[in-house]
Amino acid sequence: MWVDVIVEDVLKTRPQDRYVINDAKSPSGPIHVGSLRGVVLHDCILRGLAAADRPARFLFGFDDYDPMDSRPVAAPAEFDQYLGMPLSEVPSPAGGRGSFGRYYGLEFIEVWKHVGAHPEVYWTSEMYKSGKFNETIRTALDRAEDLIQIDREISGSQKADRHPVQPVCEHCGRVGTTVVVGWDGHQVEYECRPDKVTWAKGCGHRGKRSPFDGGSKLQYKAEWAAKWRILGVTIEGAGKDHMTKGGSHDVASAMVERIFNHPTPYPIPYEWFLVGGRKMSTSTGIGVPAAELVAILREELARFLMVRPHYRQQINFDPTGETIPNLYDEYDRAAAAFFGELEGKTPAETDLIRDHSRTFYYSRTNGEQPRCIRMRFAKVANLMQMPTVNLFDVAAKEKGAPLTAQDRSELQQRMEDARRWLGSYAPDHYRFQVQSSMPRVELSPMQREFLGQLAAVVAQQEWSGEELHNRIHDLKSQIGLKPKDAFSAIYLAFLGKDSGPQAGWLLASLDRAFVLARLRQASTAGVRGPFDSAQGRPGSEVR
RNA sequence: GGGCCGGUAGCUCAACUGGCAGAGCAGCGGACUCUUAAUCCGCGGGUUGAGGGUUCGAGUCCCCCCCGGCCCCCCA
């Protein structure tokens, strides 16, 4: 299990009494699932260290003193006027008290709570304003040339003028557009340039001000390095966009070691989290916000989805198809491993089970995960479509004992998930729909005979699902029809497909007159059309 | 141009520091006269993308190449 491997390596290569884990995000719009992967990853490391009896702090910073460099699609166009200003100084897109950055930050906090992460939150705007960055800003100004040189050297970028300090313009409030042109040890001289960046227009103001206590911010690579130093960060992973060779992490790493005199935190480069193959991007608005993932998947599954694959492996989550039932099955297997319900026959199998067990451990969203019955998701989805079937009764029967409160709530959760899945993501063949007119299907003479006799049975009286089920079995034996042929005849006549939910219950749940009419019609229907014209396309016959 | 990750059964993927290539699903066959999308049993002839190399032994390590996804060289 990769978390254990990392934790072991951290303990071995960076033996320390206390660890400080850090993660951060610029809250420039709805925060996407990729960032949630980072939170979960760091939270797992925290958990692993705690289990190894190493206390650690988990910090999460919102870089809300970063300039707004684009407008999220959801925000009104008039927000363009704020481009270049710190996110903490831009009004909230929803109105109200908080800032733009605060709004999206708080939204993200809600999401990670769902997946069981509870980092300590800090906001860089507050750190700047309260002077926490002052010392590093002074260093950055004093050694600006060295920092620029490091940037050039490590990144190989020709761009000369990436000064490590960006003053906040006293005239227009922008921070993304300013350039330092002088530093006397107390104040910085700066220009707010209209053409410094393409995404914002500086006001042209030229001025002199104190860079401290919020008067400036560090350019982001220098800021990253400074934060490591100020917060004493010892472990920090980052997405691959930062972790590429010569990328921002390499630059920040050289800066923190050569200028700020602090070792680079233990790095963990992790891969993207894609949804339906598309990259998550905060600013372009493409991709799935983290909040949406939690709406698609229950919390434990959302976390499991991020914990199960190796952190260097891309996650490509596509909620359609069999993805969710499969994920549920794997989750259940991990749970079974965790609760000691599985036994390996070979050493390799035992290892794998232990692995699954660890995965479940790290996937828990709260401390205690009750042991309870876990009815297979696909089965829940199937039975749920039978109006007369009570899932709780079925589960109790299966268990052979009354359900506990945990059993019931787990089942309830699965029913909700199944309803959502069937409504939005399930492939057609998982759904069934009674056809309102006789499907054009091919039935053998024996099958028609069977359906005709079944009509006579139905005509006798009102049957319960179970009784009807028994009658169906009696009838198919009496006629000498194979079970498969008998049942598929029913399904074909009603659903237009050759399989379906438990036939007795299905018929009992339908209007009796309708059932009678359909059975009679099917029993006399001639052979029509190609067999596969009605195959696998439920609903195609509905008018 | 540089970097990361993938390529293993029809599909989705496993295989700890090299040590007999495995699961799930799908498929096929069979059983089951309370549940035929249930349950149970059985069934896998894979050049592990190609080619070299190291090794007693390579899916695993090294080199090179091909294919796919992505990242960096704008911003943060």
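Below, each value reflects all heavy atoms present in this structure, side chains not excepted, and no hydrogens, waters or symmetry copies. Fair warning: this is a prediction, and the values are worked out from it, not measured in the lab. Letters A, B, ... are given to chains in the order of the sequence lines, protein chains preceding strands, and every chain is numbered from 1.
The partner of rU48(B) is absent, by the rule that a Watson-Crick or G-U pair needs both atom distances under 3.5 Å. Of the nucleotides present, rA31(B) is the one that pairs with rU39(B) by Watson-Crick or G-U wobble criteria, both distances under 3.5 Å. Base-pair partner of rC4(B): rG69(B) (Watson-Crick or G-U wobble, both distances under 3.5 Å). The base-pairing partner of rC11(B), taking Watson-Crick or G-U wobble contacts with both distances under 3.5 Å, is rG24(B). Pair assignment for rU17(B): none, as no Watson-Crick or G-U wobble contacts are both less than 3.5 Å.
For the P atom pair drawn from rG57(B) and rG69(B), the interatomic distance equals 37 Å after rounding to whole Å. Of the C1' atoms belonging to rG18(B) and rU60(B), the separation is 6 Å, rounded to the nearest Å. A gap of 11 Å separates the C1' atoms of rG59(B) and rG46(B), to the nearest Å. For the P atom pair drawn from rG44(B) and rC56(B), the interatomic distance equals 35 Å after rounding to whole Å. Here, rG49(B) and rC16(B) have their P atoms 15 Å apart, quoted to the whole Å. Comparing the same atom, P, in rA21(B) and in rU35(B) gives a spacing of 41 Å after rounding to whole Å. Using atom C1' as the reference point in both rC73(B) and rG3(B), the two lie 11 Å apart (nearest Å). On the P atoms, rG29(B) is 22 Å away from rA23(B), given to the nearest whole Å.
One interatomic measurement links the two molecules: NZ of K245(A) to C1' of rC73(B), which rounds to 14 Å at whole-angstrom precision. Regarding D241(A), its CG atom lies at a distance of 14 Å from the P atom of rA76(B), rounded to whole Å. D66(A) places its CG atom 16 Å from the C1' atom of rC74(B), with the value rounded to the nearest Å. For the pair Y270(A) OH and rG69(B) P, the computed distance is 23 Å after rounding to whole Å. As a whole-Å value, the separation of K240(A) NZ from rC70(B) P is 9 Å. The distance between atom CZ of R333(A) and atom P of rC13(B), rounded to the nearest whole Å, is 14 Å. The distance from atom CG of D332(A) to atom P of rC25(B) is 13 Å, rounded to the nearest whole Å. Protein atom CZ of F62(A) is 15 Å distant from nucleotide atom C1' of rA76(B), rounded to whole Å.
For rU12(B), neither phosphate oxygen OP1 nor OP2 lies less than 4.0 angstrom from any side-chain nitrogen or oxygen of Q313(A). Considering only side-chain N and O atoms, R162(A) lies under 4.0 angstrom from the phosphate OP1 or OP2 of rC75(B). Residue Q166(A) has a polar side-chain atom (N or O) positioned under 4.0 Å from OP1 or OP2 of rA76(B).
Ring-to-base geometry does not place H356(A) in a stacked arrangement with rA14(B) (centre distance under 5.5 Å, plane angle under 30° required).
Checked against the 6.0 Å centroid threshold, F304(A) and F360(A) do not count as a close aromatic pair.
Nucleic acid contact for K221(A): none, since no nucleic acid atom lies under 4.0 Å from a heavy atom of the residue. No engagement by H310(A) is indicated, since no non-hydrogen atom pair under 4.0 Å with the nucleic acid exists. Counting any heavy atom pair closer than 4.0 Å across all strands shown, R471(A) reaches no nucleic acid atom. Heavy atoms of Q219(A) sit under 4.0 angstrom from primed sugar atoms or phosphate atoms, though from no base atom.
Position along RNA chain B of the nearest nucleotide to R308(A) versus A378(A) favours R308(A) as the more 5'-ward residue. Taking the nucleotide of RNA chain B with the nearest heavy atom to each of D329(A) and M243(A), the more 5' of the two is matched to M243(A).
Between the side chains of Y128(A) and E223(A), at least one donor N or O sits under 3.5 Å from an acceptor N or O.
With rG69(B), rC71(B), rA76(B) as the choices, the nucleotide that has an atom nearest any side-chain atom of E271(A) turns out to be rG69(B). Taking only side-chain atoms of R312(A), from C-beta outward, the nucleotide of rC25(B), rC4(B), rC72(B) with the closest atom is rC4(B). Distances from the side chain of D69(A) to the nucleotides rA76(B), rC5(B), rC72(B) place rA76(B) closest.
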_Between Y104(A) and F62(A), does the side chain to side chain contact (heavy atoms under 4.5 Å, CB included) criterion hold? Intermediate values first, please._
CA-CA 9 Å; Y104(A) 289 111; F62(A) 287 105; over 6 Å; no

*For side chain to side chain contact (heavy atoms under 4.5 Å, CB included), just list the numbers for C169(A) and Y190(A), CA-CA rounded to whole Å, side-chain angles, deciding distance to a tenth of an Å, and then say yes or no.*
CA-CA 8 Å; C169(A) 177; Y190(A) 68 93; 4.2 Å; yes

*Verify side chain to side chain contact (heavy atoms under 4.5 Å, CB included) between D64(A) and T124(A), making sure each step is shown before the conclusion.*
CA-CA 6 Å; D64(A) 65 339; T124(A) 50; 3.4 Å; yes

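Closest heavy-atom contact between A254(A) and I150(A): CB-CG2, 3.6 Å.
Applying the ring-ring contact (aromatic ring centres under 6.0 Å, His included) rule to F377(A) yields the partners Y328(A), W421(A); only residues at least two apart in sequence or on another chain are considered. Take A489(A) and apply the side chain to side chain contact (heavy atoms under 4.5 Å, CB included) test, not counting sequence neighbours, and it matches L443(A), Q447(A), F450(A), L451(A).
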